[in-house]
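Side chains are part of it too, since the values below use all heavy atoms of this structure and drop only hydrogens, waters and symmetry mates. Lettering of chains follows the sequences in order, A, B, ..., and the numbering in each one begins at 1. The model shown is predicted, which means the values in this text are computed figures rather than measured ones.
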Number of protein chains: 2
Amino acid sequence: MGTAERREREKIRRKNDIVDAAERIFFSKGLETATMDDVAAEAELSKGTLYLYFKSKEELYLAINERGFHILQKLFAAAISNEQSGLEKVRAIGRAYFEFAQKHADYFNAMLYYESRKMDVSEKNSCARACEQMGSETLKIVAQAIRIGIDDGSIRPGVHPFRTAVVLWGQSSGIVQVHSLKAKHLKEKHDVDPDEIMRLSLEMMARSLQK
Amino acid sequence: MGTAERREREKIRRKNDIVDAAERIFFSKGLETATMDDVAAEAELSKGTLYLYFKSKEELYLAINERGFHILQKLFAAAISNEQSGLEKVRAIGRAYFEFAQKHADYFNAMLYYESRKMDVSEKNSCARACEQMGSETLKIVAQAIRIGIDDGSIRPGVHPFRTAVVLWGQSSGIVQVHSLKAKHLKEKHDVDPDEIMRLSLEMMARSLQK
DNA sequence: TTAAAAAAATGACTAATAGTCATAAAGTAA
DNA sequence: TTACTTTATGACTATTAGTCATTTTTTTAA
């Protein structure tokens, strides 16, 4: 009889429902302000039960991060397939990342929150592993696009695909962070349009791959 | 009589001593793990007195950040004056930033911790203002170096100095963050030398300014 | 159907820690 | 010496992550 299997399915569904509730709470109250009691109430569960499914607040964060990474990966896959040349693929990935940060700002901020913290390797949480794995895959996607660009001549030869992918990823993260965290400041104090900064950054990154 | 003045001086010295103690505690225990009781003990003060000088843990963090910004600004000033062409000045600023992140990793991490958090404008703390002010000045230094580069021909005309400065700043932040937070991961999982990533990033940023 | 066993759920409880405040000590001025 | 001001204290409160003994529900098997 499939009792165990059914229970397994229900457990997964339940975890999903909890993450749904956690998102509603975390995204509306802010990651730090929201409490586990809030999440338990929103999920219509006792606190003890909540901890039965997620053994810490961090694990809940990470489950949300994992969802964010999934969205991002899909956007990247779509971006790549829509373009011909390698350079255009790389540009499209950059645009997709910027789009993600804007249209899925909640996920982006949640991911930013955790990415900017040193995570010990010892924390071998399954979500953490999944996120790390997806990060690596993303890098490989960019490196592959660069390789295609070198072959089709849209990217100058001599660039090291993987290392360059890491650089582009880091640079993009920084710009998107600036856009997300300093948009108001840039606009009000320096009369600079944050979207223009993102476009300019994309252009400059593309330029550094050409010639 | 200069009683009030002397008291003012002593208050500033005391605040400094507290920040010294806070650094020892925060830098050794980690920003989140360290407690205000720890800091009070290290400063040989009661907790109540500590709160007389800094009204929150965040204000202490910010006082540390302010010190970090000062160091960074001095490094930038030195970097600029050591180079001739505008492009070389910009490169030197980039190198100085990377150097700061490595040689003053504690300050860098403290700054990163707060920079990556949305700070409300309502929090009109004096240290927060000072940090913001220094951030703006730093951007102006970069923009000025770009202007010099356009004039002396080492940077292509047509770049908008201030916007480009913002882009370079954002990109550098991202790369330095990657270097700081993912160094181990890059080395172990991808066999990539983090320092090489920083050098490559500098080279690519410089390339995007030339031609 | 029922009793024993297993799994899931509960919420009162603990521990940790940021921040407060009534009280006391030290310093200043007359 | 006395009245007043500033500085210092640490016991106390409030909040919240995480635990655990107990209860409720579900499953299994006779």
Side-chain angles (χ1 to χ4, degrees), chain A residues 1-19 21-22 25-26 28-64 110 113-114 117 119-120 123 125 127-128, chain B residues 1-19 21-22 25-26 28-64 110 113-114 117 119-120 123 125 127-128:
Chain A
M1 60 193 60
T3 317
E5 288 82 351
R6 197 205 62 216
R7 270 217 292 264
E8 194 54 35
R9 276 199 314 277
E10 278 181 357
K11 193 171 177 179
I12 290 170
R13 236 233 313 263
R14 182 62 88 89
K15 282 190 101 165
N16 248 298
D17 290 346
I18 293 174
V19 178
I25 295 295
F26 287 149
S28 65
K29 289 202 170 189
L31 296 183
E32 297 188 282
T33 318
T35 72
M36 291 300 265
D37 289 86
D38 291 336
V39 174
E42 177 73 23
E44 293 175 294
L45 246 47
S46 76
K47 201 188 198 173
T49 309
L50 173 58
Y51 272 90
L52 227 54
Y53 289 88
F54 291 91
K55 74 172 200 297
S56 70
K57 196 177 181 182
E58 181 174 319
E59 222 174 73
L60 254 182
Y61 286 151
L62 286 170
I64 292 174
Y113 183 85
Y114 254 88
R117 248 151 211 40
M119 289 277 234
D120 219 355
E123 309 180 29
N125 172 287
C127 283
Chain B
M1 59 195 60
T3 317
E5 288 81 351
R6 195 205 63 216
R7 269 216 292 263
E8 193 55 33
R9 277 199 313 277
E10 277 180 355
K11 193 171 179 180
I12 289 170
R13 235 238 308 267
R14 181 65 86 88
K15 282 190 100 167
N16 248 299
D17 290 345
I18 293 174
V19 178
I25 294 296
F26 287 148
S28 65
K29 289 202 170 188
L31 296 183
E32 298 188 280
T33 316
T35 73
M36 290 300 266
D37 290 86
D38 291 336
V39 175
E42 176 73 23
E44 295 176 292
L45 245 45
S46 76
K47 201 185 196 178
T49 309
L50 173 58
Y51 273 90
L52 227 54
Y53 289 88
F54 291 91
K55 74 173 199 294
S56 70
K57 196 177 181 183
E58 182 175 317
E59 223 174 71
L60 253 182
Y61 285 151
L62 286 171
I64 293 174
Y113 183 84
Y114 255 88
R117 249 155 209 41
M119 288 276 235
D120 220 354
E123 308 180 31
N125 173 285
C127 284

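At the phosphate of D:dA8, OP1 or OP2 sits under 4.0 Å from a side-chain N or O atom of B:Tyr53. Contact annotation: B:Arg6 side-chain N/O to C:dT28 OP1/OP2 distance is under 4.0 Å. OP1 and OP2 of D:dA8 both lie 4.0 Å or more from every side-chain N or O belonging to B:Ser46.
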What donor-acceptor contacts under 3.5 angstrom involve side-chain atoms of residues 39-56 of chain B, with partners at least two apart or in another chain?
| unit_1 | atom_1 | unit_2 | atom_2 | d |
| --- | --- | --- | --- | --- |
| B:Glu42 | OE2 | B:Arg24 | NE | 2.6 |
| B:Glu42 | OE2 | B:Arg24 | NH2 | 3.1 |
| B:Ser46 | OG | B:Thr49 | N | 3.3 |
| B:Ser46 | OG | B:Thr49 | OG1 | 3.0 |
| B:Lys47 | NZ | B:Asp37 | OD1 | 3.2 |
| B:Lys55 | NZ | B:Glu59 | OE2 | 3.0 |
| B:Ser56 | OG | B:Glu58 | N | 3.4 |
| B:Ser56 | OG | B:Glu59 | N | 3.2 |

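B:Tyr61 places a side-chain N or O within donor-acceptor distance of the main-chain N or O of B:Leu31, the cut-off being under 3.5 Å.
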Anything under 3.5 Å between a protein N or O and an N or O of nucleotides 18-20 of chain C, put it in a table, one pair a line.
| unit_1 | atom_1 | unit_2 | atom_2 | d |
| --- | --- | --- | --- | --- |
| C:dA18 | OP1 | B:Lys57 | NZ | 3.1 |
| C:dA18 | OP2 | B:Met36 | N | 2.8 |
| C:dA18 | N7 | B:Lys47 | NZ | 3.0 |
| C:dG19 | OP2 | B:Tyr51 | OH | 3.1 |
| C:dG19 | OP2 | B:Lys57 | N | 3.0 |
| C:dG19 | N7 | B:Lys47 | NZ | 2.9 |
| C:dG19 | O6 | B:Lys47 | NZ | 3.0 |

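Nearest nucleotide to the side chain of B:Arg7, out of D:dT6, C:dA7, C:dA9: D:dT6.
The distance from atom CD of B:Glu8 to atom P of D:dT6 is 12 Å, rounded to the nearest whole Å. Note: CZ (B:Arg13) to C1' (D:dT7) measures 16 Å, nearest angstrom. The CG atom of A:Asp17 sits 12 Å away from the P atom of C:dA9 (whole-angstrom rounding). Rounded to an integer number of Å, the gap from B:Leu52 CG to C:dA25 P is 17 Å. The CG atom of A:Leu31 sits 15 Å away from the P atom of D:dT16 (whole-angstrom rounding). The CD1 atom of A:Ile12 sits 13 Å away from the P atom of C:dA8 (whole-angstrom rounding). The CD-P distance, from A:Glu44 to C:dT10, rounds to 11 Å in whole Å. Rounded to a whole Å, the CG atom of B:Leu45 is 17 Å from the P atom of C:dA25.
A search for side chain to side chain donor-acceptor pair (under 3.5 Å) contacts involving A:Lys11 returns nothing, not counting sequence neighbours.
Taking OG1 from B:Thr35 and NZ from B:Lys29, the interatomic distance works out to 6.0 Å, rounded to the nearest 0.5 Å. To the nearest 0.5 Å, atoms OG1 (B:Thr33) and CZ (B:Phe26) are separated by 10.5 Å. Atom CZ of A:Arg14 and atom CG of A:Asp17 lie 7.5 Å apart (nearest 0.5 Å).
Of the residues near DNA chain D, A:Thr49 and B:Thr49, the one whose nearest nucleotide (by heavy atom distance) lies more toward the 5' end is B:Thr49.
When all heavy atoms of B:Lys57 and B:Glu32 are compared, the pair lying nearest together is NZ-O, 3.7 Å.
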